[in-house]
Student: 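Handing you a structure now.
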Amino acid sequence: MNVRKMRLYDTENIHSGEDRDEFEKDYARLIQSPAFRRLQGKSQVFGAGSGDYYRTRLTHSLEVSQIAREVARRLGGLYPFLALKEHPGLTIDPEVVECASLAHDLGHPPFGHKGEEVLDRLLRAEHGLKYEGNAQNFRILMFLEKRAGSDSGLDLTAAVLLAINKYPRCIDDAGRHKGVYRKEWEGIEFLRRTWGMPEGCATLEAQLMDLCDDIAYSTHDLEDGIRAGKILMDRAFFEDDRVVAHVLQEITDDPNYSADNWQGVDQVAMVKRVLLEFYEQWAQIYVECEREPSRTRREMKARWVRKFASEVGIIDDAASGWKKVTFVRDGQRDWELQRTMEILKKLAWVTLIKDFRVQRLHKRSEVMIERLWDSFKSYETGRLIVPPDWLENYELQKASWPWERLAADYISGMTDAYAEKVYTEFYASRSGSIYERD
């Protein structure tokens with residue numbers, strides 16, 4: 001049996017025809033799923049519906065998948081060991097990376113990271129449960145989504161499931177903040193044991209998907225920020241000591257920050273240099289594009305994506321005894337480029353997410369999710385106001401999952417607009433007709 005194409009709940013492949021490759025079937029199952037369609041209505045940086053220009057979770061996922069697939073093809077030609085496929089976790093198939101990229105954000109609730117933060121806080125405080133977007137991905141893929149012939153998710157191949165699993169651990173263990181909920185972890189752990197994956201190590205495909213996600217964040221969010229006028233393209237803005245200080249603060253406050261990665265680096269000087277070089281590149285391209293801002297934005301984004309994507313490579317990781325997908329120059333990890341990407345990511349964060357108007361929207365979102373939670377969290381009252389198929393699902397699965405988890409599932413699956421609609425139905429004087437289809 002090909003362990004990369006095995007399916008956790010359909011190992012005999014009885015529900016699949018022979019007309020398509022297994023990874024092609026995964027692709028079809030993903031893009032035709034309701035969870036994938038709902039990404040069009042979920043915030044990336046700006047609220048979904050803020051305008052017809054800005055990215056949503058759907059367009060972000062599509063862009064990540066395009067970058068990841070192209071990089072996967074390039075790596076296949078650069079590293080002969082990939083063609084040998086001596087280990088299922090040391091293989092990179094472009095089709096698998098593409099599927100993983102399309103699915104990597106399915107678990108995000110409405111209103112972006114603020115929604116995730118609020119649901120996690122409420123579940124922890126009231127029930128000792130956790131909510132986390134990456135873990136919710138697997139709850140959707142392995143349980144909540146349905147396909148013909150299955151009541152256990154989309155029945156994706158092992159390769160795609162493990163390519164989505166960038167945090168290969170159980171989040172319900174003490175001290176874990178990222179990972180997979182225990183019920184789904186049982187299946188993921190079984191696949192990892194079958195593959196012989198080293199503990200704590202992600203497959204090369206998962207690492208590549210994760211890095212391409214960062215590439216997209218650090219380039220596309222900046223493009224949106226410039227378009228929205230949040231990032232002012234003038235020298236004074238990029239030389240502002242307050243901007244420099246905020247970017248540096250976000251870098252050091254990041255939970256994944258490691259002082260070792262910045263050892264021997266004058267952080268303030270590097271942040272200033274990267275920001276100034278970014279502006280000077282803009283000024284040059286602006287002239288090349290005949291002073292047309294729209295063309296300049298697109299060209300800036302394209303050049304940075306190309307710069308990052310062209311330096312993605314694979315090295316041996318002595319610390320884990322595994323291999324690592326990262327930026328590589330002359331056979332060594334390119335820390336300079338890694339830090340540059342981090343600075344650009346944080347520039348987008350401090351100028352977009354930290355903007356007081358965006359924070360006001362976040363506060364509004366927080367209030368809505370808290371009140372929706374209050375409405376659905378109790379079984380006795382919540383069961384009366386959830387759609388019938390959700391109640392039937394709970395009755396079938398209640399031995400495995402508490403009502404509170406199902407209530408969080410329902411809220412987290414909402415688009416921004418649908419969450420507002422339900423909130424308005426509950427707490428406003430009037431909202432449309434009861435005969436509108438949910």
Side-chain angles (χ1 to χ4, degrees), residues 8-9 35 39 42 57 61 89 100-101 103-145 152-154 156 158 160-195 197-203 205-207 209-211 213-214 217 253-258 320 322 369 373 377 394 397-414:
L8 184 61
Y9 300 116
L39 292 178
K42 293 193 176 187
R57 288 282 169 187
S61 298
S101 301
H104 82 281
D105 266 354
L106 293 181
H108 275 284
F111 312 122
H113 289 291
K114 174 53 69 173
E116 184 179 19
E117 173 190 314
V118 174
L119 279 176
D120 183 56
R121 171 169 55 78
L122 293 170
L123 280 169
R124 284 177 186 265
E126 299 180 18
H127 303 285
L129 300 173
K130 298 176 182 178
Y131 183 91
E132 196 268 328
N134 294 283
Q136 192 70 14
N137 273 353
F138 288 96
R139 184 143 170 80
I140 291 168
L141 295 171
M142 299 171 72
F143 170 52
L144 293 172
E145 276 295 333
S152 299
L154 296 182
L156 300 179
V160 170
L161 283 175
L162 294 188
I164 301 166
N165 185 213
K166 61 182 182 179
Y167 301 110
R169 58 188 72 96
C170 179
I171 194 174
D172 294 322
D173 291 342
R176 300 292 192 194
H177 301 290
K178 303 281 188 180
V180 183
Y181 300 134
R182 189 168 304 281
K183 184 67 175 177
E184 287 78 40
W185 177 245
E186 293 172 3
I188 297 299
E189 190 176 34
F190 167 76
L191 294 178
R192 288 176 57 81
R193 285 199 307 269
T194 302
W195 281 27
M197 287 295 299
E199 184 176 355
C201 294
T203 68
E205 290 160 330
Q207 294 180 51
M209 177 274 292
D210 191 23
L211 183 56
D213 186 26
D214 282 345
Y217 266 122
D253 285 350
D254 192 304
N256 296 317
Y257 172 76
S258 171
S320 65
W322 193 237
I369 289 182
W373 173 252
K377 67 181 181 180
Y394 169 70
Q397 304 288 341
K398 62 184 179 182
S400 301
W401 293 100
W403 173 260
E404 295 78 23
R405 178 60 74 188
L406 267 294
D409 289 337
Y410 182 57
I411 294 171
S412 71
M414 296 177 177

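Not measured: the values here are computed from a predicted model.
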Student: Is a side-chain donor or acceptor of K42 paired with a backbone partner of H108 at a separation under 3.5 angstrom?
Tutor: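 Present.
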Student: Can you name the closest pair of heavy atoms from W373 and A407 and give their distance?
Tutor: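 Closest approach of W373 to A407, heavy atoms only: CZ3-CB, 3.9 Å.
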Student: Carefully, step by step, assess L123 and R405 under the rule side chain to side chain contact (heavy atoms under 4.5 Å, CB included).
Tutor: CA-CA 8 Å; L123 280 169; R405 178 60 74 188; 3.9 Å; yes
Student: NZ/K130 to CG/D120 distance, rounded to the nearest 0.5 angstrom?
Tutor: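 Output value for this atom pair is 8.5 Å.
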Student: Measure from the side-chain N and O atoms of D172 to the backbone N and O of R182, and report whether any donor-acceptor pair falls under 3.5 Å.
Tutor: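 Yes; judged by distance alone, with no hydrogens or angles, the pair exists.
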Student: Any heavy-atom pair between the side chains of E126 and K377 that's under 4.5 Å?
Tutor: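 In short, these two side chains touch, coming nearer than 4.5 Å.
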Student: I need the H177 NE2 to I171 CD1 distance, nearest 0.5 Å.
Tutor: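 Spacing of NE2 (H177) from CD1 (I171) equals 9.0 Å.
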Student: Given the rule in the salt bridge (charged side-chain N to carboxylate O under 4.0 Å, His left out) test, do R192 and E189 qualify, once you have shown the distances and angles that lead to the verdict?
Tutor: CA-CA 5 Å; R192 288 176 57 81; E189 190 176 34; over 6 Å; no
Student: What closest approach, in Å, do P109 and L119 show between heavy atoms, and which atom pair accounts for it?
Tutor: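 Where P109 meets L119 most closely, the heavy atoms are CB-CD1, 4.0 Å.
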Student: Is there side-chain contact between V160 and E205, with at least one heavy-atom pair below 4.5 Å?
Tutor: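 V160 does not reach E205 side chain to side chain.
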Student: Which value, rounded to the nearest 0.5 Å, describes the distance between K183 atom NZ and C170 atom SG?
Tutor: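 Rounded to the nearest 0.5 Å, the NZ-SG separation comes to 12.5 Å.
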Student: Once you round to the nearest 0.5 Å, how far does CD1 of I164 lie from CG of D105?
Tutor: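 Result: 11.0 Å between the selected atoms.
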Student: Taking all non-hydrogen atoms of both residues into account, name the closest pair between P110 and S412 and its distance.
Tutor: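 It is CD-O, 3.5 Å.
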Student: Does the side chain of M142 reach to within under 4.5 Å of the side chain of L161, using non-hydrogen atoms?
Tutor: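 Side chain of M142 against side chain of L161, heavy atoms only: contact under 4.5 Å found.
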Student: List the atom of V180, the atom of A135, and the distance in Å for their closest heavy-atom pair.
Tutor: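 The pair with the smallest heavy-atom distance is CA-CB, 4.0 Å.
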Student: When rounded to the nearest 0.5 angstrom, what is the spacing between CD1 in I188 and CZ in F138?
Tutor: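 Atom-to-atom, I188:CD1 and F138:CZ are 4.5 Å apart.
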Student: Any side-chain heavy-atom pair from L144 and Y410 closer than 4.5 angstrom?
Tutor: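 The answer is no, as the side chains (C-beta and beyond) never meet within the 4.5 Å cut-off.
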Student: Keeping the roles fixed (side chain from Y181, backbone from E132), state whether a donor-acceptor pair exists under 3.5 Å.
Tutor: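 Yes, the answer is positive, given that a donor and an acceptor are paired below the 3.5 Å cut-off.
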Student: To the nearest 0.5 Å, tell me how far E184 CD sits from N137 CG.
Tutor: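 The CD atom of E184 sits 10.5 Å away from the CG atom of N137.
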Student: Side-chain contact, heavy-atom cut-off 4.5 Å: L106 with E145?
Tutor: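 Of all side-chain heavy-atom pairs linking E145 with L106, none is under 4.5 Å.
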Student: Y131 versus Q136: any side-chain heavy-atom pair under 4.5 Å?
Tutor: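 Yes. Closest side-chain heavy atoms under 4.5 Å.
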Student: Grab the two heavy atoms, one from L8 and one from G187, that are nearest each other, plus how far apart they are.
Tutor: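 Looking at all heavy atoms of both residues, the shortest contact is CD2-CA, 3.5 Å.
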Student: Taking Q207 for the side chain and A202 for the main chain, is one N or O donor matched with an acceptor at less than 3.5 Å?
Tutor: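 Yes.
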Student: Check T203 against A163 and note the closest heavy-atom contact, atom names and distance.
Tutor: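 It is OG1-CA, 4.0 Å.
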